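Below: one structure, written as structure tokens.
If you're wondering where the values come from, they're calculated on a predicted model, not measured in any experiment. The chains referred to below are lettered A, B, ... by the order of the sequence lines, with proteins before strands, and numbering in each begins at 1.
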Amino acid sequence: MNFELTHTDPETSARCGCLSTAHGEIQTPIFMPVGTVATVKGVFHRDLKQEVGAEIILGNTYHLYLRPGLEVLEQAGGLHKFSSWDRPILTDSGGYQVFSLADNRKLTEEGCVFQSHIDGSRHLFTPENVVDIQRVIGADIIMALDECPPGTAEYGYAKKSLGLTQRWLERGVKRFDETQPKYGYGQTFFPIVQGCVYPDLRRAAAEHAAALHREGYAIGGLAVGEPAEQMYQMIEVVNAILPKDRPRYLMGVGTPENLLEAIARGVDMFDCVMPTRNGRNGMLFTAQGIMNMRNQKWARDFSPIDENGTTFVDKTYSKAYLRHLFVSDEMLGAQIASLHNLGFYLWLVREARAQIAQGTFAAWKRDMVKKVSARI
RNA sequence: GGGGGGAUACCAGAGUGGCCAAAUGGGACAGACUGUAAAUCUGUUGUCUUACGACUUCGGAGGUUCGAAUCCUCCUCCCCCCA
């Protein structure tokens, strides 16, 4: 994998660049649609590529390990072939499930014992076997196993948790460096910087991760209940330490506003379920603001979903029609909204790149933050 | 013509003397969602009020009772069976 910075913004810490992988190039800053169980819910690959312009998508180790399972994935020749996605894939390690499935797991020094949310069966994830599983999945970018504490975690717990995440990270790096890809193309391994909302912990975590000299780094444990301002502060603290010539991936973030603020602070990669999940639940993100498509006010609005939208659904369908689909619980509504939202997210990062390249990012961002967070 | 059943909030439908401004479901309206156990979840849905609370409601009119959606009388309308 190779990363090349092409532009840096004079006023902010924003930058744009190009990340090269075995499955193609990724222009940064980039947003990566989430495809947890080998599908970006409700969206065809054709549309992800042609309409949305997705350059890389996510998969999830925990979910794919449970279903379809490693045997199927290995026989298929990896996740790319299994799902017919020939562009890059990044897999999360299951670290987030340590957080979101907290009632069904037990943490030890060794790793994390999960109870499957599907059938209740018990499984052990370790920093090592999570690397092995991601080798089988065949993701271009694989993530370290970490503990993602809630945004409300107190200092004592945060410090203890970070210690575990750091020991796990070292074990994960070791296993990665000792093993080989399975399908004839290279993979890379990203550490995850934790430390909750505590600057000293974040600093220590970033220094520890940077010392491992990897090809890219992730910032985890943010947007998990803490105020947005604290999230932005933590990004600043961490990005001051992470090497400038390596991509930084802010995990699980976020709203369009979050993306813009994080790009301004030097983040290069994002993923989030919001465009798809909130889309399925009737929320549309646009450059003019946020719409709840179930609202009565759209019932007779026959104008296009989004005049400025970049996907075919934006001008094909009207707001009134989309509202009807949501109110009638028709699945086409969820598909249209997912496609639109992903299209908007990818447009937003493309536009951010263009503005950075032109040196006009700062002013554009100030204006755009107001627009995208408005309720319409 | 004879016999029987019924009328409850936007709809359907419980409730059959006080714990009823009235269950439940649907609908309607609004909100939440950040490395996806989510095509999910939450709230509101008589009027006024930030709230406490107050007021008016169970086809209509009258009555019994300390108290009525609930009991009695009459009226209106609907449904079923027999002829």
Side-chain angles (χ1 to χ4, degrees), chain A residues 31-43 56-64 66-67 89-105 114-120 130 134 139 141-151 165 190-194 217-228 231 249-259 261-262 267 269-285 290-299 323 325-338 341 345 375:
Chain A
F31 178 80
M32 309 181 280
V34 178
T36 308
V37 283
T39 163
V40 176
K41 294 183 192 301
V43 185
I56 171 173
I57 62 175
L58 254 69
N60 182 276
T61 300
Y62 166 83
H63 289 279
L64 293 169
L66 291 180
R67 242 178 2 204
I89 295 176
L90 179 152
T91 41
D92 184 32
S93 60
Y96 188 73
Q97 280 64 44
V98 177
F99 162 70
S100 66
L101 303 176
D103 295 339
N104 299 312
R105 53 82 168 160
F114 281 104
Q115 244 182 307
S116 159
H117 69 280
I118 300 166
D119 63 4
V130 150
Q134 292 178 94
I141 301 172
I142 77 182
M143 303 303 301
L145 185 66
D146 65 335
E147 188 197 354
C148 177
T165 289
F190 281 17
I192 302 172
V193 173
Q194 288 287 350
Y217 299 88
I219 307 170
L222 292 176
V224 284
E226 81 286 0
M231 168 166 76
Y249 161 31
L250 178 59
M251 305 185 76
V253 174
T255 63
E257 180 178 358
N258 292 159
L259 263 61
E261 295 295 350
V267 173
M269 303 165 71
F270 302 89
D271 79 281
C272 189
V273 302
M274 278 192 136
T276 43
R277 181 190 285 166
N278 290 28
R280 285 196 303 282
N281 294 333
M283 181 183 284
L284 253 61
F285 298 96
I290 297 168
M291 298 187 276
N292 181 345
M293 291 316 298
R294 307 188 80 104
N295 287 174
Q296 162 71 32
K297 61 181 162 194
W298 309 118
R323 170 185 141 84
L325 294 177
F326 273 109
V327 166
S328 311
D329 210 19
E330 281 292 331
M331 63 182 176
L332 183 61
Q335 291 182 271
I336 291 171
S338 297
N341 280 345
Y345 267 63
R375 296 284 176 153

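Between A:Lys297 and A:Gly59, the residue anchored nearer the 5' end of RNA chain B, judged by the nucleotide with its closest heavy atom, is A:Lys297. Sequence order on RNA chain B of the closest nucleotides to A:Val327 and A:Thr39 puts A:Val327 first from the 5' end.
For A:Gln194 and A:Thr165, the side-chain atoms include no donor-acceptor pair closer than 3.5 Å. Side-chain contact of A:Asn60 with A:Tyr96: a donor-acceptor pair under 3.5 Å is absent, judged by distance alone.
Within the 4.0 angstrom heavy-atom criterion, base atoms lie near A:Asn258. Counting non-hydrogen atoms under 4.0 angstrom, A:Asp146 reaches a base of the nucleic acid. Contact annotation for A:Gln97: backbone-only contact, meaning every heavy-atom pair under 4.0 Å involves sugar-phosphate atoms and none involves a base. Residue-level contact check: A:Gly221 touches the bases, meaning some heavy atom is under 4.0 Å from a base atom. Within the 4.0 angstrom heavy-atom criterion, no nucleotide atom of any strand lies near A:Met143. Residue A:Asp271 is classed as a sugar-phosphate contact, given heavy-atom separations below 4.0 Å to backbone atoms only. Among the heavy atoms of the strands, none lies under 4.0 Å from A:Val37. At the heavy-atom level, A:Thr276 lies under 4.0 Å from base atoms of the strands shown. Heavy atoms of A:Arg375 sit under 4.0 angstrom from primed sugar atoms or phosphate atoms, though from no base atom. As judged by a 4.0 angstrom heavy-atom cut-off over every strand, A:Gln194 is placed among the base-contacting residues. Within 4.0 Å of A:Arg323, counting heavy atoms only, lie sugar-phosphate atoms of the nucleic acid but no base atom. Among the atoms of the strands shown, base atoms are found under 4.0 Å from some heavy atom of A:Asn104. Within the 4.0 angstrom heavy-atom criterion, only backbone atoms of the sugar-phosphate kind lie near A:Leu58; the bases stay farther away.
One P atom belongs to B:G17, the other to B:C71, and the distance between them is 7 Å to the nearest Å. Atom name C1', nucleotides B:C48 and B:U56: the rounded distance is 11 Å, in whole Å. The separation of B:U8 from B:G15, taken at their P atoms, amounts to 14 Å, rounded to a whole angstrom.
Between A:Phe31 and A:Phe270, the ring centre distance reaches or exceeds 6.0 Å.
Under the Watson-Crick or G-U wobble criterion, with both distances below 3.5 Å, B:A30 is paired with B:U42. Partner assigned to B:A21 is none, using Watson-Crick or G-U wobble distances below 3.5 angstrom. Applying the Watson-Crick and G-U wobble criteria (two distances, each under 3.5 Å), B:A37 pairs with nothing in any strand. When both distances must be under 3.5 Å, the Watson-Crick or G-U wobble mate of B:G1 is B:C82. In this structure, B:C77 and B:G6 make a Watson-Crick or G-U wobble pair, each of the two defining distances being under 3.5 angstrom.
Scanning for side-chain hydrogen bond (donor to acceptor under 3.5 Å, both in side chains) contacts around A:Asp92 gives an empty result, with sequence neighbours left out.
A 4.0 Å heavy-atom criterion places the boundary nucleotides of RNA chain B facing chain A at B:A28 to B:U40, written 5' to 3'.
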Checklist entry - Can A:Tyr217 and A:Phe190 be said to form a ring pair (Phe, Tyr, Trp, His ring centres under 6.0 Å), step by step? => result CA-CA 5 Å; A:Tyr217 299 88; A:Phe190 281 17; 7.4 Å; no
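To the nearest 0.5 Å, the span separating CZ on A:Arg280 from NZ on A:Lys41 amounts to 5.5 Å. The CD1 atom of A:Ile336 sits 4.0 Å away from atom CG of A:Leu332, with the distance rounded to the nearest 0.5 Å.
A side chain to side chain contact (heavy atoms under 4.5 Å, CB included) with A:Met251 is found for one member of A:Leu58, A:Val224, A:Ile192, A:Leu222 and no other, namely A:Ile192.
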